[in-house]
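Here the structure comes first, spelled out in structure tokens, and everything after it is commentary.
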Amino acid sequence: MSPAGPGHDPRPVIAAVRDGRGLDAAGAALVARGLADGSVSDAQAAAFAMAVLTRGLDEAGRVALTRAMRDSGHVLRWDLPGPVVDKHSTGGIGDAVSLILAPLVASCGAYVPMISGRGLGHTGGTLDKLEAIPGFRTALSEDDFRRVVAEVGCAIVAAGPELAPADARLYAIRDESATVGSIDLITASILSKKLAAGLDALVLDVKQGSGAFLRSPDAALALARALVDTAKGAGCRTRAYVTDMDQPLARAAGNALELREAIAVLTGEQGALRDLSLSLSSACLDLGGLADGALRALDGGAAAERFARMVVAQGGPADLLEHPERHLPPAPVVRAVPGHGRVAAIDTEALGHAVVALGGGRLHAGDRIDPRVGLAELLRIGEEAGPGRPLALVHAASDAAADAAVATVAAAYLLGDGPEPGPLIRSEVT
């Protein structure tokens, strides 16, 4: 790492944040540039993160940090005959919305250059789900990314190293320095990557409940407000929704299993996953200035056709929608989780950990994933388990793994009397 030279010393910036004097645009640019080029050391980056965590930033400071981190690398610019929009979720269990929303919104006249992430911890990742498709490429060159977006209307890819590099470095240091929980740093991290994609509008899905990293309604609403205010301050039309994660969104959790659920929604299946996908797609179209044709595009098959085109354009098979069983191999062991009674509550995080233990998620960034494994036919709150209707089906690679998962899933379900489930969308922030 090169040392900070005269006029490039981050220590006064760190001290200003530490002492409560805030962060201005020049200071944010210095820190972000130094994170990207290595002139800010790991110790200085950790000190900066801790100062932000303990003293906080005002709205102007969050906007300055977000813009600086966005501008620390390449920022995409688009010249397309329609609005460029996207959606981001803070992560949950059974959240396959992106697989439906991108082609659905694209089929209504918008363009969706979706830069997504991988699962880490108990929540799944969109890229991992798509990579369950044989041949599907998430690592596209910028030229290929632009071509697919222009021709198909949507593409879902991994972030390249040139996109918001300051965030990539600070993200890892936040984990090492126990500063992950800062709303200011979470906000700048999420938005710097999304805004580097050159968006006209952004819809945010902030999960809240037993399967979310924010369990408290107040904390989820505070993050939603910070995200909307900061994104608007950085020049992007934005809306956020706080949505339910007290139970899995889909009836499956696991990569190929969730992909099958998304295909089922695209081809007519009802349920919570469809409902939320339609609501968030409609919001994307509204922010993009387009008429809300989401329901018609979904029911009429336009979204499914667009999904099929995206799969082919990114290297996957042409008949995935018609014959998913040909391309998504099943797990060798399928085991029912018995139960008897009404589902009163679900420890949704525990279900996510069960998927990870089966091999369907990762605890460390380099862990390999088995796309076949996971949970299917998950009962929802208010439904009855009994003979012929288990709590879930475990899809496992071995009998031993299945036995462990059955025990974990059974313990995650509370059976008995309880309140009715809350609404899917709990609040909206504009």
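- Annotation: the span from Ile186 atom CD1 to Leu53 atom CG amounts to 9.5 Å, rounded to 0.5 Å.
- Side-chain contact between Pro317 and Val311 is present, with at least one heavy-atom pair separated by less than 4.5 Å.
- In this structure, Asp184 contributes its side chain and Leu57 its backbone to a donor-acceptor pair below 3.5 Å.
- Closest non-hydrogen pair, Leu23 versus Ala64, comes out as O-CB, 4.5 Å.
- Side-chain atoms of Asp37 and Ser39 form a donor-acceptor pair, as typed in the model, at a separation below 3.5 Å.
- Under the 3.5 Å distance criterion, with hydrogens and angles disregarded, no donor-acceptor pair is assigned to the side chains of Thr187 and Arg62.
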Open item on the list: Apply side chain to side chain contact (heavy atoms under 4.5 Å, CB included) to residues Leu223 and Phe213 and explain how you reach the verdict.
Closed with: CA-CA 11 Å; Leu223 177 58; Phe213 85 92; 4.0 Å; yes

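- Looking only at distances, a side-chain donor or acceptor of Arg251 sits under 3.5 Å from a matching main-chain atom of Leu378.
- Proximity of a side-chain donor or acceptor of Trp78 to a complementary backbone N or O of Ala197 within less than 3.5 Å is detected.
- Annotation: side-chain contact (heavy atoms from CB on, under 4.5 Å) contacts of Pro421 (sequence neighbours excluded): Gln247, Ile381.
- Residue-environment remark: CZ (Arg215) exceeds the threshold of 12 foreign heavy atoms within 6.0 Å.
- A salt bridge does not link Arg77 with Asp79: none of the charged nitrogens is closer than 4.0 Å to a carboxylate oxygen.
- Contact check for Arg239 versus Glu428: side-chain heavy atoms found under the 4.5 Å cut-off.
- Not a single donor-acceptor pair under 3.5 Å links the side chain of Asp367 to the backbone N or O of Gly361.
- The backbone N or O of Glu151 lies less than 3.5 Å from a partner atom in the side chain of Arg309, making a donor-acceptor pair.
- When side chains are defined from C-beta on, Asp128 counts as touching Arg362, because their heavy atoms get closer than 4.5 Å.
- When atom types are taken as modelled, the side chain of Tyr241 and the backbone of Ala283 share no donor-acceptor pair closer than 3.5 angstrom.
- Not a single donor-acceptor pair under 3.5 Å links the side chain of Glu162 to the backbone N or O of Gly73.
- Under the 4.5 Å side-chain criterion, counting only non-hydrogen atoms from C-beta, Val343 is not in contact with Arg380.
- In this structure, OG1 in Thr66 is found 10.5 Å from NZ in Lys193, a value given to the nearest 0.5 Å.
- Qualifying side-chain contact (heavy atoms from CB on, under 4.5 Å) partners for Arg237, counting only residues two or more places apart in sequence or in other chains: Asp200, Ala201, Leu287.
- Of the possible donor and acceptor atoms, none in the side chain of Glu349 sits under 3.5 Å from a partner among the backbone N and O of His122.
- No more than 12 heavy atoms of other residues, nucleotides or ligands lie within 6.0 Å of CZ in Arg296, so this atom counts as exposed by the packing criterion.
- In terms of modelled atom types and a separation under 3.5 Å, the side chain of Ser210 and the main chain of Thr348 share a donor-acceptor contact.
- The shortest heavy-atom contact between Cys108 and Leu290 is O-CD1, 3.7 Å.
- The nearest pair of heavy atoms linking Ala49 to Ser177 is CB-OG, 4.4 Å.
- Between Leu221 and Gln208 there is no side-chain heavy-atom pair separated by less than 4.5 Å.
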Open item on the list: Set out, in order, the CA-CA distance, both residues' side-chain angles and the distance that settles salt bridge (Lys or Arg N to Asp or Glu O under 4.0 Å) for Asp370 and Arg368, then state yes or no.
Closed with: CA-CA 7 Å; Asp370 184 344; Arg368 292 177 63 85; over 6 Å; no

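- Between Asp144 and Arg147, at least one side-chain N (NZ, or NE/NH1/NH2) sits under 4.0 Å from a carboxylate O, which counts as a salt bridge.
- A distance of 9.0 Å separates CZ of Arg426 from CG of Leu424, quoted to the nearest 0.5 Å.
- Residues Arg274 and Leu298 form a side-chain contact, since some pair of their non-hydrogen atoms from C-beta on lies under 4.5 Å apart.
- Across every non-hydrogen atom of Ile115 and Asp86, the tightest pair is N-OD2, 4.1 Å.
- Residues Lys194 and Leu199 are in side-chain contact: their nearest non-hydrogen atoms beyond the backbone lie under 4.5 Å apart.
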Open item on the list: I'd like to know whether Asp292 forms a side chain to side chain contact (heavy atoms under 4.5 Å, CB included) with Asp286, so could you lay out the CA-CA distance, the side-chain angles of the two residues, the decisive distance to 0.1 Å, and finally the verdict.
Closed with: CA-CA 7 Å; Asp292 184 5; Asp286 183 48; over 6 Å; no

Open item on the list: Determine whether Leu202 and Leu191 satisfy the following criterion, side chain to side chain contact (heavy atoms under 4.5 Å, CB included), listing intermediate values before the conclusion.
Closed with: CA-CA 9 Å; Leu202 174 64; Leu191 293 179; 3.7 Å; yes

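- Within 6.0 Å of CD in Glu269 there are more than 12 heavy atoms belonging to other residues, nucleotides or ligands.
- The backbone N or O of Ala264 sits less than 3.5 Å from a side-chain atom of Thr267, completing a donor-acceptor pair.
- Thr138 and Glu131 share a side-chain donor-acceptor pair at under 3.5 Å.
- In this structure, NZ in Lys232 is found 12.5 Å from CG in Leu227, a value given to the nearest 0.5 Å.
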- [ ] Step by step, work out the side chain to side chain contact (heavy atoms under 4.5 Å, CB included) result for Leu391 and Leu415.
- [x] CA-CA 10 Å; Leu391 296 170; Leu415 303 180; 4.0 Å; yes

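- A distance of 9.0 Å separates CD1 in Ile173 from OG1 in Thr179, rounded to the nearest 0.5 Å.
- Here the rule is side chain to side chain donor-acceptor pair (under 3.5 Å) with Lys87, and of Ser98, Ser277, Ser281 only Ser98 fits it.
- Residues Ile346 and Asp246 have side chains not in contact (no heavy-atom distance under 4.5 Å, counting atoms from C-beta outward).
- In this structure, Gly352 and Ile93 approach most closely via the heavy-atom pair CA-CD1, 3.6 Å.
- Between Met69 and Ala32, the shortest heavy-atom distance links the atoms N-CB, 3.9 Å.
- With sequence neighbours excluded, the residues satisfying side-chain contact (heavy atoms from CB on, under 4.5 Å) with Leu414 are Ala344, Ala345.
- A salt bridge links Asp42 with Arg169: at least one charged nitrogen is closer than 4.0 Å to a carboxylate oxygen.
- Here CD1 of Ile14 is found 9.5 Å from CG of Leu30. Values are rounded to the nearest 0.5 Å.
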